[in-house]
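Structure, as structure tokens:
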Number of protein chains: 2
Amino acid sequence: MANIKDVAERAGVSVATVSRVLNGNSPVAETRERVLAAVRELGYRPNSVARALRTARTGALGLVISDLTNPFFTELADAVEDAARGLGYSLVIGNAGERPAQQDDYIRTLLDRRIDGLLVSSAGTGSAMLREVVASGTPLVLLDRAVPGIDAPCVRADGRTALTDLAAHLAALGRRRPAIIVAPAGTPTGDERLELFRDALAGHGIALPDERVGATPDLQPSGGRRMMSDFLDLPEPPDAVLATDNLMALGAMDELRARGLRVPDDMALVVYDDVPWFAHTDPPLTAIAQPTRDLGRAAVRTLLERIEGRPAASVLLPARLVPRRSCGEAPAR
Amino acid sequence: MANIKDVAERAGVSVATVSRVLNGNSPVAETRERVLAAVRELGYRPNSVARALRTARTGALGLVISDLTNPFFTELADAVEDAARGLGYSLVIGNAGERPAQQDDYIRTLLDRRIDGLLVSSAGTGSAMLREVVASGTPLVLLDRAVPGIDAPCVRADGRTALTDLAAHLAALGRRRPAIIVAPAGTPTGDERLELFRDALAGHGIALPDERVGATPDLQPSGGRRMMSDFLDLPEPPDAVLATDNLMALGAMDELRARGLRVPDDMALVVYDDVPWFAHTDPPLTAIAQPTRDLGRAAVRTLLERIEGRPAASVLLPARLVPRRSCGEAPAR
DNA sequence: GAGGGCTACGAAATCGATTACACGGGTGAT
DNA sequence: ATCACCCGTGTAATCGATTTCGTAGCCCTC
């Protein structure tokens, strides 16, 4: 592949001139044409590795995502990728698969690669490597999941309004014994959703006792299914279940179907994360929609602020309730 | 961040020695300990940009995927990412979103970044930039979709056996009027699936007339829905439909539901790509499962062969029929 | 017409690693 | 005892760009 020296020789100028023409920094001479012609003829494309070394900017962002195969994170990654490209950045992606060790591995190699900035939707609360990121001065933005003790802006959705609306929705439909399936205790996201939901229900005089709070070890269908099964085995089973992750909701539906129970007649079901699929289930599931693409965009924008040296604050975008038919009664629309 | 010179000074040796200790190339001296101590104390990590410039190897692979939000490709990307990491490579990802122009854009920047090898599941048949990749000498492996005129190994699934089995399955269940929903004509994947299906059906004396072949402009639910609608409006509607992409199947299901038709009683439905979700639909959909993760692994392995200068052949892995309940009768299991 | 200020450009330093080459000193063979 | 060789190490070239600094030539002004 042709390099800048080849171009310089062909155009009969120095490499400095070639570089200047290409970066539009200073000159505007008639050499310009000769240089551009040489570039064209040789099919020259600057080596961005060399450029990165010299300028200390790689033009790449790192994204470490907790689980790429979870549709919510897929869409998030897609939005991030889109935004990054729009701003001229490439994206180096790492899938932690919810394993903190792997996440740390990735962060390390991304730092070695001198990415210009890092986005992390952290698996677990493992913050050892994240602390190093902060120490290294690499711009960092947390995505979807805040990490205690890490001083970096966090971009995520706020479920308060949506959960308040959901409580009202359930109360209006006469559901008195709600339940919730959450991530393991200690997960900031899970804890928060539980707390907000409980508060919102309290506003309608509805309790959410611990027996109707099911924590799964992982965010997988199997966990959701087991929790639903436990709920159904209670002396007084719930009449509505909120699954705080889309995969867990899938499992919960399986269990209902396996027992021959129908949604919404026998059980109301609500899912956190409005992935397109849920509009195609039978019945379409009432969902809490996080503004996924907006989150991705906002995260990249925030990261760029940091990269360019400006201060950047955390971003909290409202999630909203999307009523469909899984709690009874058609949505107003 | 500390660099190799800092380490050298602290250890009282030359940078060459530091490099050699770290890369295990030649020495085994007692300086070794001093160097390692200095590395530890300074928290030194080699700058891979500099290393890449010098060695002409970036340790990164590029993946241009046709549509990241399509679950089939999500899983494929995930498998590729996994395999790449396992072999010590990072993955720079680009989502073409089925837009050839964007695909070319990505390929260009990936080449500029001097990735060690490139995986492309090509959107459309746009091969201009792919031709350049081949010309540049960058190892290239095509994924899932072959591109005519591009001399590079292609890793994909072979649907022949699965479609033969499907034809038998449908024939055994008494379905005589099958239909197929495919990608636009001219798409190698779509054309091939149509042809194989038609051949397989012919083996059972079943015809697949053009009126029961629906081509959608895009691989989206909306297209699948429209095609299903067209089929249902035929004077003699089909009694079984094969959707050759999972998203199109979703749309097809929507249309059936909207018309109050039931699967499998009123219509048998089969989906290409066995994404986990289809096991959770009601009824669970009979599917043609591509060995997605194996494809990803094989693709990376093939790419590495090329990177290491060995010749590499195309790989064709068999897809298989996963009978569930959407064509009638419970699967044997 | 001399000095000052631009402009356009080249020479060379630089980024941070790897590596070819040179060299000093120890070891083993003869 | 001498020579060849090897081992461990340092010096310096190198990868391909960007950027600082210097300079030649030009125009302008007084």
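So you know, we letter chains A, B, ... as the sequences are listed, proteins then strands, and number each from 1. Remember, predicted model here, so these are calculated numbers, not experimental data.
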Is the shortest heavy-atom distance from the side chain of L118(B) to the side chain of V64(B) under 4.5 Å?
yes
d(CG, N47(A); C1', dT18(D)) in whole Å:
13 Å
Indicate whether OP1 or OP2 belonging to dT18(C) is found under 4.0 Å from a side-chain N or O atom of R51(B).
yes
Any donor-acceptor pair under 3.5 Å between the side chain of R32(B) and the base of dG8(D)?
no
Does any part of the side chain of Y89(A), heavy atoms only, come nearer than 4.5 Å to the side chain of I307(A), both counted from C-beta?
yes
Closest nucleotide among dG16(C), dA17(C), dT19(C) to the T55(B) side chain:
dT19(C)
R57(A) CZ to dC15(C) P, in whole Å, measures 18 Å
Over how many whole Å does the gap from L53(B) atom CG to dT14(C) atom C1' extend?
12 Å
Could you please name the option among dG10(D), dA17(C), dT19(C) that lies closest to any side-chain atom of N3(B)?
dA17(C)
Between dC21(C) atom P and R20(B) atom CZ, what is the distance in whole Å?
13 Å
Are any of the side-chain heavy atoms of M129(B) and Y106(B) separated by less than 4.5 Å?
no
Contact list for residues 138-151 of chain B, test salt bridge (charged side-chain N to carboxylate O under 4.0 Å, His left out), sequence neighbours left out:
E98(B)-R145(B)
Any T17(B) side-chain nitrogen or oxygen under 4.0 Å from OP1 or OP2 of dG8(D)
no
Establish, with yes or no, whether the OP1 or OP2 oxygen of dT19(C) is under 4.0 angstrom from a side-chain nitrogen or oxygen of S19(B).
no
Length of the CD-C1' vector between E9(A) and dC9(C), whole Å:
17 Å
Rounded distance in Å - CG (D112(B)) to P (dA17(D)):
10 Å
Counting only side-chain N and O atoms of N23(B), is one of them less than 4.0 Å from OP1 or OP2 of dT18(C)?
yes
So which nucleotide from dA17(C), dA11(C), dT14(C) ends up closest to the side chain of A50(B)?
dA17(C)
Can you measure R113(A) atom CZ to dG16(C) atom P for me and round it to whole angstrom units?
18 Å
Sugar-phosphate, base or nothing in reach of V49(B), heavy atoms under 4.0 Å:
nothing
Just how large is the angle between the end axes of the helix from dG1(C)-dC30(D) to dT30(C)-dA1(D), five pairs per end, to 10 degrees?
50°
Under the salt bridge (charged side-chain N to carboxylate O under 4.0 Å, His left out) rule, what pairs show up with a residue in residues 34-44 of chain A, not counting sequence neighbours?
R10(A)-E41(A)
Check every atom of dA12(D), dC15(C), dT19(D) against the side chain of A16(B) and return the nucleotide holding the closest atom.
dA12(D)
For G12(B) and for P46(A), find the nucleotide of DNA chain D with the closest heavy atom, then tell me which residue's nucleotide is more 5'.
G12(B)
Quick one: do N47(B) and N3(B) satisfy side-chain hydrogen bond (donor to acceptor under 3.5 Å, both in side chains)? Show the steps, please.
CA-CA 8 Å; N47(B) 180 329; N3(B) 63 20; over 6 Å; no
Can you tell me whether the side chain of R54(B) and the base of dG16(D) have a donor-acceptor pair closer than 3.5 Å?
no
Check whether any side-chain heavy atom of L111(B) sits under 4.5 Å from a side-chain heavy atom of V133(B), and report yes or no.
yes
In whole angstrom, give the distance that lies between atom CD1 of I4(A) and atom P of dG10(C).
12 Å
Would you say a side-chain N or O of S14(A) is under 4.0 Å from OP1 or OP2 of dC9(C)?
no
Ignoring hydrogens and angles, state whether a donor on the side chain of D273(A) or N70(A) is under 3.5 Å from an acceptor on the partner side chain.
no
